Amino acid sequence: MPYNKPHPAETIIISRRFHLPNSASIDTFLAHDGYKAARKALDMSQDDIINEVKKSNLRGRGGAGFPTGMKWGFVPRQSPKPKYIVVNADESEPGTCKDRLLMEFDPHRLIEGCLIAAKAVGAHQGWVYIRGEYRYLIDIMDKAIAEAYKANWLGKNVQGTGFDFDLSTHTGAGAYECGEESALLESLEGKRGQPRIRPPFPAVSGAFQCPTILNNVETFCAVPDIILNGGDWYASLGVPRAGGTRLLCISGHVQSPGVFEVPIGFPMMRAINEMAGGLRPGRKLKAVIPGGSSCPVLKADECDLPMDYDSLAKAGSMLGSGGMVIMDDSTDMVKAALRIIKFYQHESCGWCIPCREGTLWLKKILTRLDDGIGVRSDIDLVGELAENMLGRTFCPLGDAAALPTISIVKKFRAEFEARLAQVQVPAGVSESLVRIHV
Amino acid sequence: MTFSPELEARLAKMLESYPKGRERAALIPMLMYTQDEVGHISKELAEEVAKRCGVTTLQVEEVVGFYTMLRTKKMGKTHLQICTNISCLLVGGDELWQHASKKLGIGHNQVTADGSISLEEVECIGACSWAPAIQTNYDFHHYVTLDQLDKLIDDLRRIQ
Amino acid sequence: MSNPVNLTIDGKAVQAAPGTLLIDAAKQSGILIPAFCYYEGYSLQAACRMCLVEVEKFPKLQAACTLPVAEGMVVRTEAASAVQARKTTLEFLLTNHPLDCPVCDKGGECELQDMVFRYGAGESRFTEVKHHVDEKQWSPVVYYDAPRCILCYRCVRVCDEGMGVTALGITHRGAYSEITPNKGDHLNCDQCGACIDICPVGALTSGIYRYQTRPWEMEHVGTICTHCSDGCKTTLGVRNNEIVRGNNRDSTGINGEFLCIKGRYAFDFIKHEDRLQSPMVRRNGKLEEVSWAEAVKAVAARFAEIKAAGGAIGVAGSVHSTNEESYFLQKFARQGLGTPHIDHARSGDVPALIHALAGKTDALATADSLYHAKAVLVVDADLSQQHPFLAFQVRANVRHHQAAVYTVTRGPVREEQTAAKAVHTADYLAGVRGLGEDLKKHADLVIVFGDGIKGAAVGELVAFGDSLGIPVRYVCLVDYSNSRGAMDMGLLPELGPGYHPAAVRGMSLPQMAASQDLAALWVVGADPLAGGKRLASGKAFVVVQDLFLTDTAKQADVVLPSASAYEKSGTVTNVTGQIQRLKKGLNIMGAKPDLEIFGLIARAMGVDAGRAQNEAVFEEIRKSVRGYNVPLPVLATGGAAQAQPVNGRVDVLPDPELVRSAGDTLFTSGSLGRYSKILGSVMEAPGALYKG
Ligand SMILES: Cc1cc2nc3c(=O)[nH]c(=O)nc-3n(C[C@H](O)[C@H](O)[C@H](O)COP(=O)(O)O)c2cc1C
Ligand code: SF4
Ligand code: FES
């Protein structure tokens, strides 16, 4: 994995060990404050840990941005059932590639975060659910876990505190939907990755129908520094309703794409222009997907804003998973819309009608439009069908498919129209029709 | 059916890493790791894993059908996966895909006649900031150019 | 109910128990929220999104099938937004649906058609290529057409949760998801067909019904299945004097929608080519077809002769005949022919149970008690195989009320899957006693027992039940559709109707067969000489009334073709003493109901055994048989009336040695099953009991 030195404009907190030689080893980790926070947390009360996390204004880094401390607080104190920790390392949102770095370069940080969370709610077992494609990361995590067991940061009576905690990795097998928390739990239990009816939420009934803390890798990774330096410190790094830093994965039409750690509220244009090296010479910004492909696309003129939850919401989009996809003026928005819907169609689990049938229909129409075959009302139809999915599906994947589609059709309608005007209906079968994969 | 000693050891540990009575949880990992050794999920393998995890073969089938990485068909010695999702698309992922498909003469989820390479157009593999990206089996290749892909395919053909 | 929740649905003030789902609360107040995947009694899916409704204060439409009612909730089920959502969801659904309604079996009974009709998603904007998959045959009785499937998962749930079989699953993903059978390309299951009936569209179709008819061309005849003793109501679809299907979609009857393979398909025996359609008389050693008049004359003349000569006449009654027929037969025998020798094939020791329960009230369980009891103990029965509906009730009880199930059997049974404890032993009473401490913990208990508990053991079982200190009710299992009625009506040498001791004790069936002096044997729907057995008395005049040329009939002097339960009216009593009415579905040329045959013989003999007519005989039964004084309207409207527990001692107890269950499985049914090609055609039919 290529990892360059941090950019000077970054605020490196969770990525601060990335550039150390042999950063994944427990020795490096211990030599650089590793497990200090866990040691501290093991002597703290459950309430104190949760309060510190609440104070930090840490919000989930998996996409939805739910306040983490509040989520942990939902886990019932008194439960006859065991409690579990589950790490969402399914990282499959197009445009997102940050959890990979955390696990590759600082796996012990994740283990430490899990241990603190376990202590906070009284859990004694946990799993890191890693997408199947990340086999090499599973190996890295397995190795780190083995080291942690050996050094007694995992296992029975951790560091003599009487606290037990077991952790293991669990591989996925190729399904974006398994990133959705309830589908992930089904998958963890050996079933099809179909989402569950919620409520109950995982905090009450999660893995094996027991209370479960389920968070994104980056969320767990933020916890040790919060415990070490205090929630107030972490909160102060961000904006009033969202604390800390987060990893931005910048991809697409920039000169130096990469993953950068910035405080929440960092200006989007600075991220693009300074850290990611700006656009290629002679190119102009056309659009940005600010937080993974599930977010509505922003036009260039909408991008001058700070990267925080509220500002993006005001602009009609979302902070999402931190996957920023930058598109310059060479981008074919019809193709982009088609590629995005193709993804959601491929990944739709099939449980509910609007998503299952809606994504397929959209893919078929967009394929046609991309070939220039169609009539103007097809463009409206695309927008309308996406609207008809929105808010009506069983899980948010349906919305994730609808939102970017609606925004592209609305904001780049002219391109669709131009495509229809430009291409003559060819005789014979179109190429992209052939390429619909079943 | 038995597997290599290393895999057997892994499977034994796997079954222990879930709460008692929840052996079904090992189903997907067990399918993934045994598939790596056997090549694909044959009927026999499905039955074996079903037995070990305490589920029916139908339950195995349900799972296998759901996950794209689980395959009932033999793939090539090297499974070449080319990402064409949005970040890769913007920087040439589609061209890589077209090139590989043409060069190998096979399409999505097909295998070359000599069995050396199979091809798959995959969804985002989490390498967006280092796009365009491809995977050969579990190995990642970043910032892939057409020339590199060309050479890679030639190498893979040679080592069949 | 703890404090009810008040809410408003479509402007109507509604009250519901806390925890009630909105869709149920609406239904209780007469408001039907549409749904495909929601199905009462089965687990929730929230997958079809048809039940989305507008709820005040919620930013998005809410799925009524998973939303519990809340105080002050204001719901609009037909708000413009909800209607628009439904309409568009239907539009989505129809994109890949083949729209082959004109040739689809479900046409006219299709929930998708009805829904489109209601929401008017008539015109489609879908102009793309549909995804086609060929239809598959999963078993002789089940076909699956994937493109028609709307993936509501009802079939998967009814198979898993309802039947405990789990033969159906889902493979592939997204729009390519398909329902899949457990054996890859075929089904190995109970072949109950519940998946077909519960399918809202024509995705699952029945091997025997497909392409036979349009639903509106059938007459729907609600009657009682003639196979096992559970007494399921089955609605026969009759067209042109032919049964084209059986189901119970109208959900009336004790079994709701439940039917097993026999109730749903195994009526084809009535059209078997071996079916007798003409009376026969033995001439020169050979059975020759004769007219009804001639045959009846021959029987009457010979019976009169023997009666006059004081010869012994044996009468074997049927476990499939109606109560009216059995009652009339014993009366005709005892009073008209003056013979005490009357019996039938006994499969459960009901008299012993009634005797043991003397002095108790409410100690006989019904099918309904099996659904409500806190605990159920099954002794010596493979319930899922032998009494599929009772087993279904127990499963539903476990699912809905977390009932505790205990089994004491000689081998593995399906009930063990969810049993609190399962004991394998052939010493049933010892097994039962070992569970005493567990059973005591429950608020009430139903004990279901097979023929392994008979005679004195029944008394011991009841004494054990008494010792538990909780209310215990019992079911004594018997085999066939009117096994229970045959006993209640007094087809026993020791007992008359209502378990009154017979004036004179007659011979049992084995005794008749062994008697050197037997002058005549009149066999009605029974096969006492099955397997080529011979009567000890060489001179006996043998008359057989049956559907087929049974082993006994082959030895008969006169054979009279009789009508099956689907070809006549009358009442039958199920294993738990519930009386239900048969409704005639069709005529089979040449065959006559037993009662009519009895009447003809009586008239020809000049014997007065009362009017051989259903209503008249049932009136007499109501008056004279303990427990049968049931309200007629219940029966007339197709309901089940509980025969009131016979409360008292049975002074003469029949010989327990004669109690023997035939041990039928789901795929066998005494003499009738043999003639059902459907029962014989299923692929991996288990065919054996105690396989789990
Ligand atoms: C379709 C879909 C895919 C998702 N994929 C991921 C994922 O890959 N990784 C992740 O952490 N969260 C993913 N999420 C979000 C999770 O459901 C969940 O909100 C998150 O893991 C909670 O952790 P957090 O609070 O730390 O963000 C996904 C959600 C949806 C609806
Ligand atoms: S929206 Fe529906 S079909 Fe799509 S992934 Fe979620 S549950 Fe599955
Ligand atoms: S889009 Fe190709 S790796 Fe993410």
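What you see is a predicted model; the values in this text were computed from it and never measured. Computed over heavy atoms, backbone and side chain alike; hydrogens, waters and symmetry mates excluded.
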Which bit of B/N137 comes within less than 4.5 Å of chain A, counting heavy atoms only: side chain, backbone, both or neither? neither

Using the side-chain hydrogen bond (donor to acceptor under 3.5 Å, both in side chains) criterion, which residues pair with B/T57? Sequence neighbours excluded. none

Carefully, step by step, assess B/C128 and A/T96 under the rule side-chain contact (heavy atoms from CB on, under 4.5 Å). CA-CA 7 Å; B/C128 324; A/T96 314; 5.7 Å; no

Measure the spacing between CG of B/N85 and OH of A/Y176 and express it to the nearest 0.5 Å. 10.0 Å

Whether A/H346 side chain and B/E123 backbone form a donor-acceptor pair below 3.5 Å: no

Does the ring center of A/Y134 lie less than 6.0 Å from the ring center of B/Y138? no

Presence of salt bridge, B/E61 and A/R192, under 4.0 angstrom: no

When A/A175, A/P94, A/G172, A/P82 are compared by non-hydrogen pairs under 4.5 Å with chain B, the top option: A/P94

Looking only at side-chain N and O atoms, does A/T171 offer a donor or acceptor that is under 3.5 Å from a partner on B/Y33? no

Where is the tightest heavy-atom contact between B/Y18 and A/T169, given as atom of each residue plus distance? OH-O, 4.4 Å

Winner by heavy-atom pair count (cut-off under 4.5 Å) against chain A, out of B/M30, B/M14, B/M69: B/M69

Most contacts with chain B, counted as non-hydrogen pairs under 4.5 angstrom, among A/G193, A/A336, A/C210: A/G193

Given that the side chain runs from C-beta out, which part of A/Y84 has a heavy atom under 4.5 Å from chain B: side chain, backbone, both or neither? side chain

Under 4.5 Å to a heavy atom of chain A? For B/I86 that would be both

Any chance you could measure B/C124, atom SG, to A/E347, atom CD, to the nearest 0.5 Å? 10.0 Å

Nearest-0.5 Å distance, OG of residue B/S17 to CG of residue A/D166: 9.5 Å

Flag side-chain contact, heavy atom, 4.5 Å: A/C97 against B/W130: yes

Who wins among A/E93, A/E91, A/K98, A/H170 for the most heavy-atom pairs under 4.5 Å with chain B? A/H170

Any side-chain heavy-atom pair of A/F343 and B/T84 under 4.5 Å: no

Of all heavy-atom pairs linking A/S251 and B/S87, the shortest is OG-OG, 2.8 Å

Bottom line for B/E62: the part with an atom under 4.5 Å from chain A's heavy atoms is both

Lys/Arg N to Asp/Glu carboxylate O, B/D94 vs A/K335, below 4.0 Å: no

Assess whether side-chain contact (heavy atoms from CB on, under 4.5 Å) is satisfied between A/K342 and B/E121, documenting all intermediate values. CA-CA 12 Å; A/K342 219 172 127 188; B/E121 180 182 1; 3.4 Å; yes

Okay, A/I138 and chain B: the region with an atom under 4.5 Å from a heavy atom over there is side chain

Heavy atoms only, distances under 4.5 angstrom: which of A/C249, A/S293, A/G252, A/G258 has the most pairs with chain B? Name it, please. A/G258

B/V55, part contacting chain A, at a heavy-atom distance under 4.5 Å: neither

Sort B/R10 into side chain, backbone, both or neither according to what part of it lies under 4.5 angstrom from a heavy atom of chain A. side chain

Between A/S168 and chain B, which part of the residue has a heavy atom less than 4.5 Å away: side chain, backbone, both or neither? side chain

Within the distance-only criterion (no hydrogens, no angle test), does the side chain of A/R100 pair as donor or acceptor with the backbone N or O of B/G126 below 3.5 angstrom? yes

Any cation-pi pair here, B/R24 with A/F208, using under 6.0 Å and within 45°? no

Check each atom of A/S330 against the heavy atoms of chain B and say whether the ones under 4.5 Å are side chain, backbone, both or neither. neither

For A/W127 and B/P19, the nearest pair of non-hydrogen atoms, with its separation, is CZ2-CD, 3.7 Å

Tell me, side chain or backbone of B/A127 under 4.5 Å from chain A's heavy atoms, or both, or neither? both

Heavy-atom distance under 4.5 Å to chain B: side chain of A/Q125, backbone, both or neither? side chain

Minimal heavy-atom distance between A/G190 and B/V63, with the atoms involved, is O-CG2, 3.5 Å

Please check if the number of heavy atoms outside B/K73 that lie under 6.0 Å from its NZ is greater than 12. yes

Pick from B/L70, B/L27, B/L90: which one has the most heavy-atom pairs with chain A under 4.5 Å? B/L90

Looking only at non-hydrogen atoms, find the nearest pair between A/S187 and B/Y67 and report the distance. OG-OH, 2.9 Å

Residue pair A/K191, B/F66: steps toward the side-chain contact (heavy atoms from CB on, under 4.5 Å) verdict: CA-CA 9 Å; A/K191 301 175 195 155; B/F66 189 88; over 6 Å; no

Any Lys/Arg nitrogen of A/D142 or B/K13 sitting under 4.0 Å from an Asp/Glu carboxylate oxygen of the other? no

